[in-house]
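Notes for the one structure printed next.
In what follows, every heavy atom counts, from backbone to side chain, and hydrogens, waters and symmetry copies are set aside. So you know, we letter chains A, B, ... as the sequences are listed, proteins then strands, and number each from 1.
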2 protein chains.
Amino acid sequence: MADWRDRLRESGYRLTPQRELILAAVEKLGHATPEDVLAEVRTSSSAVNLSTVYRTLEVLEELGLVRHAHLSDRVATYHSLTGEHGHDHFHLVCRNCGRVESVDPSVAEPFGAQLRTQFGFEADLGHLTVFGHCTACQEAPHD
Amino acid sequence: MADWRDRLRESGYRLTPQRELILAAVEKLGHATPEDVLAEVRTSSSAVNLSTVYRTLEVLEELGLVRHAHLSDRVATYHSLTGEHGHDHFHLVCRNCGRVESVDPSVAEPFGAQLRTQFGFEADLGHLTVFGHCTACQEAPHD
DNA sequence: TTAGTTGCAAATATTTTGCAACCGC
DNA sequence: GCGGTTGCAAAATATTTGCAACTAA
């Protein structure tokens with residue numbers, strides 16, 4: 001695995017302290033909004049601007065180092081595909097307790113195959129977010 | 001099927017001209033953003049306020065008359081569960097051409113069953129949006 | 001008459017952009 | 001030094017809210 005720093009430079013981008021900090025924050029946080037990332041970066045270093053967070057996440061996503069998902073009806077969250085917890089996955093989000101479960105894309109592969117066969121549609125299963133209710137919240141649907 | 005107007009009143013809401021117009025607009029448009037709904041309503045009648053559109057869509061969704069889905073990374077779109085085209089469905093969205101295909105939830109039921117068995121997760125398949133590439137765009141992935 | 005609704009303006013919340021200063025390579 | 005990057009402030013986009021006037025029931 002070529003280091004992501006090399007990938008950055010090979011693509012004509014530059015390696016900056018901000019980019020290192022932001023990717024590290026995403027890796028550490030798991031599923032983080034741009035604001036979350038900003039807050040995390042600020043705990044360990046001097047300030048970084050929120051615009052820079054947005055612009056950097058865009059670059060990192062273009063390079064395939066992070067992905068975003070819509071885990072709420074509001075903001076997007078980013079997770080890394082690098083680092084120790086980094087791997088492609090989709091999400092199950094409980095509408096009641098808000099818990100997010102990350103699931104390996106292979107679980108959805110039969111579904112992907114079905115969409116391919118039946119609709120000729122090549123699904124991006126790594127971006128999938130499934131809303132519903134987790135086991136615990138099915139018994140007590142309201143908090 | 002009790003008329004939705006009765007459902008409204010039974011729930012303690014009032015039937016207003018705005019609510020009639022807004023639901024009619026959603027039924028007509030298929031998948032519409034609040035702005036789309038506003039524009040549609042305005043073609044056939046006097047003005048309605050955008051806040052009212054937002055508030056009304058919220059009420060209609062609570063009553064199960066419309067649903068929203070995230071067909072882009074940006075705004076939500078609403079579709080009706082009433083009217084001639086109204087039925088619960090999930091969406092396949094092509095990242096390239098933007099085309100949206102509405103699919104019957106039964107298609108995703110095997111997937112739902114799998115999530116239920118494997119994770120105890122009760123998925124809301126009607127809210128699902130699957131991003132990917134449609135048949136046409138797989139051959140020519142870029143526009 | 002009464003309580004739910006609407007319009008309007010202002011407040012929030014998110015994300016994007018212009019641009020001069022800055023800095024990686 | 002060149003050209004990509006950043007910080008900052010302002011703009012753009014999207015959604016929500018307070019409140020007085022209005023109106024369905």
Side-chain angles (χ1 to χ4, degrees), chain A residues 3-26 31-39 41-42 44-63 65-78, chain B residues 2-26 31-42 44-63 65-78:
Chain A
D3 191 79
W4 65 271
R5 285 160 250 251
D6 297 327
R7 301 253 305 284
L8 246 193
R9 282 186 277 243
E10 282 160 18
S11 302
Y13 291 115
R14 288 179 185 170
L15 180 62
T16 64
Q18 288 91 334
R19 287 178 176 165
E20 298 235 39
L21 289 164
I22 289 169
L23 180 54
V26 174
H31 294 112
T33 65
E35 287 282 0
D36 293 337
V37 172
L38 182 67
V41 167
R42 279 183 169 155
S44 57
S45 84
S46 54
V48 164
N49 194 278
L50 183 56
S51 317
T52 301
V53 173
Y54 275 97
R55 286 187 283 223
T56 297
L57 289 172
E58 193 180 338
V59 168
L60 296 180
E61 182 152 43
E62 182 194 326
L63 292 175
L65 300 170
V66 305
R67 291 214 69 175
H68 78 272
H70 303 276
L71 303 187
S72 82
D73 284 346
R74 297 177 165 281
V75 298
T77 62
Y78 288 80
Chain B
D3 191 78
W4 65 270
R5 284 160 250 251
D6 297 327
R7 300 254 305 285
L8 245 193
R9 282 186 276 242
E10 283 161 16
S11 303
Y13 291 114
R14 288 181 187 171
L15 179 61
T16 65
Q18 289 91 336
R19 287 178 176 164
E20 299 236 40
L21 289 164
I22 290 168
L23 180 55
V26 174
H31 293 112
T33 65
E35 286 282 0
D36 293 336
V37 171
L38 182 65
E40 171 60 27
V41 167
R42 280 183 171 158
S44 57
S45 84
S46 55
V48 164
N49 194 278
L50 183 56
S51 316
T52 301
V53 174
Y54 275 98
R55 286 187 282 221
T56 297
L57 289 172
E58 194 179 337
V59 169
L60 296 179
E61 183 153 41
E62 182 194 326
L63 293 175
L65 301 170
V66 305
R67 290 214 68 174
H68 78 272
H70 303 276
L71 303 186
S72 80
D73 282 347
R74 298 179 163 281
V75 298
T77 63
Y78 288 79

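- Between the CD atom of A:Q18 and the C1' atom of D:dC8 there is a distance of 14 Å, given to the nearest Å.
- One interatomic measurement links the two molecules: CG of B:L15 to P of D:dC22, which rounds to 21 Å at whole-angstrom precision.
- If you measure from atom CG of A:D36 to atom C1' of C:dA13, you get 14 Å, rounded to the nearest angstrom.
- Residue B:S51 is classed as a base contact, given a heavy-atom separation below 4.0 Å to a base.
- The aromatic rings of A:H70 and B:H70 lie parallel to each other, their planes meeting at an angle below 30°, with 60° marking the opposite boundary.
- Rounding to the nearest 0.5 angstrom, the gap separating the CZ atom in A:R42 from the CG atom in A:L50 is 8.0 Å.
- Judged by distance alone with a 3.5 Å cut-off, no donor-acceptor contact links the side chain of B:R19 to the base of C:dG4.
- Put simply, the side chain of A:L8 reaches to within 4.5 Å of the side chain of A:V59, judged on heavy atoms.
- Partner of A:H31 under the side-chain contact (heavy atoms from CB on, under 4.5 Å) criterion, out of A:V26, A:D36, A:T77: A:T77 alone.
- For A:Y54, whose side chain is taken as the heavy atoms from C-beta onward, the closest listed nucleotide among D:dT5, D:dG7, C:dT14 is C:dT14.
- Nearest to the side-chain atoms of B:T56 among the listed nucleotides C:dT6, D:dC8, C:dC25 stands C:dT6.
- Here B:T52 reaches the OP1 or OP2 of C:dG7: one of its side-chain N or O atoms lies under 4.0 Å away.
- Here the side chain of A:R14 is nearest to one of C:dC23, C:dT6, D:dA25, namely C:dC23.
- Atom CD1 in B:I22 sits about 12 Å away from atom P in C:dT5, given to the nearest Å.
- Mapping B:L50 and B:R74 onto DNA chain C by nearest heavy atom places B:L50 closer to the 5' end of the strand.
- Rounded to whole Å, the distance from CG on B:L57 to P on C:dT5 is 14 Å.
- In this structure, B:R55 places its CZ atom 10 Å from C1' of D:dG18, rounding to the nearest Å.
- Rounded to an integer number of Å, the gap from A:E20 CD to C:dC23 P is 16 Å.
- To the nearest 0.5 Å, the span separating OH on B:Y13 from OG1 on B:T56 amounts to 10.5 Å.
- Considering only side-chain atoms of B:N49, the nucleotide from D:dG7, C:dG24, C:dG7 that sits closest is C:dG7.
- Taking atom CZ on B:R5 and atom C1' on C:dT5, their separation rounds to 18 Å, with Å as the unit.
- Residue contacts for A:R9: at a heavy-atom cut-off of 4.0 Å it reaches the sugar-phosphate backbone alone, with no base atom in range.
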